[in-house]
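Let me begin by presenting the structure, written as structure tokens, before commenting on it.
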Amino acid sequence: MSRLLIGALLACAALTAGCSSSTSGSAVGSDTTTATRTSTTTATPTSETTSAPTGVKTCAYRKKGTAAPGKDVGLPPETTEDNQTRVAFKTSQGDIAVALGTAKAPCTTRSFAFLAAQRFFDGTPCHRLTTKGIEVLQCGDPTGTGTGGPGYAIPDENPTDLPQGSGAGSVVYPRGTVAMANAGPGTGGSQFFLVYGDSTLSPDYAVIGTLDEASLAVVDRVAQGGSDPDGDGKPKTPIDIQSAEAT
């Protein structure tokens, strides 16, 4: 199974498969050989709108792979009123709250809130910290290996309004952004990353929402502890999601 990717565009920065990461929790595309994806990759269709009530988006979730052991929660509803505005995590390092950006990524945020409500995230680690090239903390894999997921894939909802990055086709994911990790088009599932420092990436990761300052302080504390291996690996300051709630 592929490990999920957060691929830096520039100079094989921190999370490209062909460069430096060797940790078993790597979130790079495939285990050892997949090259960095660039923003020229064509995204898969994002959704359908033929059967939903006015103002409600129909999301074509599809089964993909096998859910992590003990975490098979089924598929999110294709059509529903997206009333949740917040997902709150209680972690071993403090509370982290995500304000959902439903209007820009309705299928992604619906899935994220669904997984929280189904207790998918409960008892799972944030398995990967990157401090060089990009600055992100990655969570959402019950196995803690970078390969686990919910057994389904989310339609792609790539951002179109992020600031332009310094490299061709790149954008900046600002500090405080929460976005989905993936291993290529049509592969997003449950893994997500918390951006604690402005990070230049290809615009291939749906933005779920944002963190407040109190939540960022929790992530900053974990980041200050560093990773093993240095720069990209397991956080030296362990952080586990104890429970999650969508409201």
Side-chain angles (χ1 to χ4, degrees), residues 4-7 15 27 43-44 46-47 57 59 61 73 75-77 80-91 95-122 124 126-128 130 134-142 146 148-150 152-163 171-183 185-199 201-216 218-219 239 241 243-247:
L4 295 194
L5 170 72
I6 310 171
L15 296 177
T44 55
T46 60
S47 62
K57 196 163 189 176
C59 301
Y61 303 106
V73 296
L75 297 177
T80 186
E81 297 288 344
D82 295 306
N83 296 322
Q84 292 92 348
T85 61
R86 183 174 182 268
V87 169
F89 295 105
K90 290 190 176 299
T91 83
D95 293 347
I96 295 176
V98 180
L100 299 177
T102 302
K104 294 181 179 180
C107 297
T108 305
T109 55
R110 183 184 302 170
S111 171
F112 192 64
F114 169 79
L115 291 174
Q118 296 297 315
R119 303 300 182 190
F120 180 91
F121 296 121
D122 292 11
T124 65
C126 291
H127 61 278
R128 185 175 190 180
T130 305
I134 59 176
E135 296 179 306
V136 302
L137 176 67
Q138 189 165 331
C139 313
D141 174 10
Y152 66 82
I154 304 168
D156 291 334
E157 294 177 309
N158 297 339
T160 59
D161 59 350
L162 293 177
V171 296
V172 176
Y173 284 71
R175 170 177 163 85
T177 301
V178 182
M180 291 301 300
N182 64 61
T187 62
S190 60
Q191 293 189 46
F192 60 96
F193 57 96
L194 313 175
V195 183
Y196 63 91
D198 291 358
S199 296
L201 295 163
S202 57
D204 297 327
Y205 310 99
V207 174
I208 301 167
T210 56
L211 301 176
D212 58 23
E213 287 301 320
S215 300
L216 276 167
V218 174
V219 181
I239 175 169
I241 296 173
S243 65
E245 182 181 13
T247 57

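- Residue Gly197 comes nearest to Glu135 through the heavy atom pair CA-OE1, 3.1 Å, listed as atom of the first residue, atom of the second, then distance.
- Although no hydrogens or angles enter the test, the distance criterion places no donor-acceptor pair under 3.5 Å between the side chain of Asn182 and the main chain of Thr187.
- Here the straight-line distance linking atom CD1 of Ile96 with atom CD1 of Ile239 works out to 4.0 Å at 0.5 Å rounding.
- Atom SG of residue Cys126 and atom CZ of residue Phe193 lie 13.5 Å apart, to the nearest 0.5 angstrom.
- For the atom pair CZ (Arg128) and CG (Leu137), the distance works out to 11.0 Å, reported to the nearest 0.5 Å.
- Using a 4.5 Å heavy-atom threshold, the side chains of Tyr205 and Met180 count as separate.
- Within the 4.5 Å cutoff, the side chain of Val178 has no heavy atoms near those of the Val207 side chain.
- Considering all non-hydrogen atoms of both residues, Arg119 and Ser243 come closest at NH1-CB, 4.5 Å.
- Looking at Pro159 and Val171, their side chains never come closer than 4.5 Å, going by heavy atoms from C-beta outward.
- For Phe120, there are no ring-ring contact (aromatic ring centres under 6.0 Å, His included) partners, not counting sequence neighbours.
- Results of the side chain to side chain contact (heavy atoms under 4.5 Å, CB included) test with Ile208 over Thr109, Thr177, Leu194 single out Thr109 as the only residue that passes.
- For the pair Val98 and Leu100, the minimum side-chain heavy-atom distance is below 4.5 Å.
- Atom CZ of residue Phe121 and atom CZ of residue Phe89 lie 5.0 Å apart, to the nearest 0.5 angstrom.
- Between Pro76 and Leu115 there is no side-chain heavy-atom pair separated by less than 4.5 Å.
- Within the model, atoms NZ of Lys104 and OG1 of Thr160 stand 7.5 Å from one another, a figure rounded to the nearest 0.5 Å.
- For the side chain to side chain contact (heavy atoms under 4.5 Å, CB included) test, residues two or more places apart in sequence or in another chain that qualify with Ala105 are Thr108, Glu157.
- Put simply, CG on Leu211 and CZ on Arg175 are 9.0 Å apart, with the number rounded to the nearest 0.5 Å.
- Minimum interatomic distance between Asn158 and Pro203 (heavy atoms only, all atoms of both residues): CB-O, 3.2 Å.
- Judged by distance alone, with hydrogens and angles left aside, the side-chain atoms of Gln191 form a donor-acceptor pair with the main-chain N or O of Gly148 at under 3.5 Å.
- Counting only distance, with no hydrogens or angles, the side chain of Asp122 and the backbone of Ala244 share a donor-acceptor pair below 3.5 Å.
- Although no hydrogens or angles enter the test, the distance criterion places a donor-acceptor pair under 3.5 Å between the side chain of Ser215 and the main chain of Ala97.
- The two residues Pro174 and Leu162 make their nearest non-hydrogen contact at CD-CD2, 4.1 Å.
- By the 4.5 Å heavy-atom criterion applied to side chains, Gln138 and Val136 are not counted as neighbours.
- Residues Ile154 and Phe112 have side chains not in contact (no heavy-atom distance under 4.5 Å, counting atoms from C-beta outward).
- Although no hydrogens or angles enter the test, the distance criterion places a donor-acceptor pair under 3.5 Å between the side chain of Ser190 and the main chain of Gly140.
- Counting heavy atoms from C-beta on, the side chains of Ser111 and Tyr152 come closer than 4.5 Å.
- Heavy atoms only, all atoms of each residue included: Ala116 and Val87 are closest at CB-CG1, 3.9 Å.
- Considering only residues two or more places apart in sequence or on other chains, Tyr61 meets the side-chain hydrogen bond (donor to acceptor under 3.5 Å, both in side chains) condition with none of them.
- Nearest heavy atom pair, residue Tyr173 against residue Ala179, reads CE2-CB, 4.0 Å.
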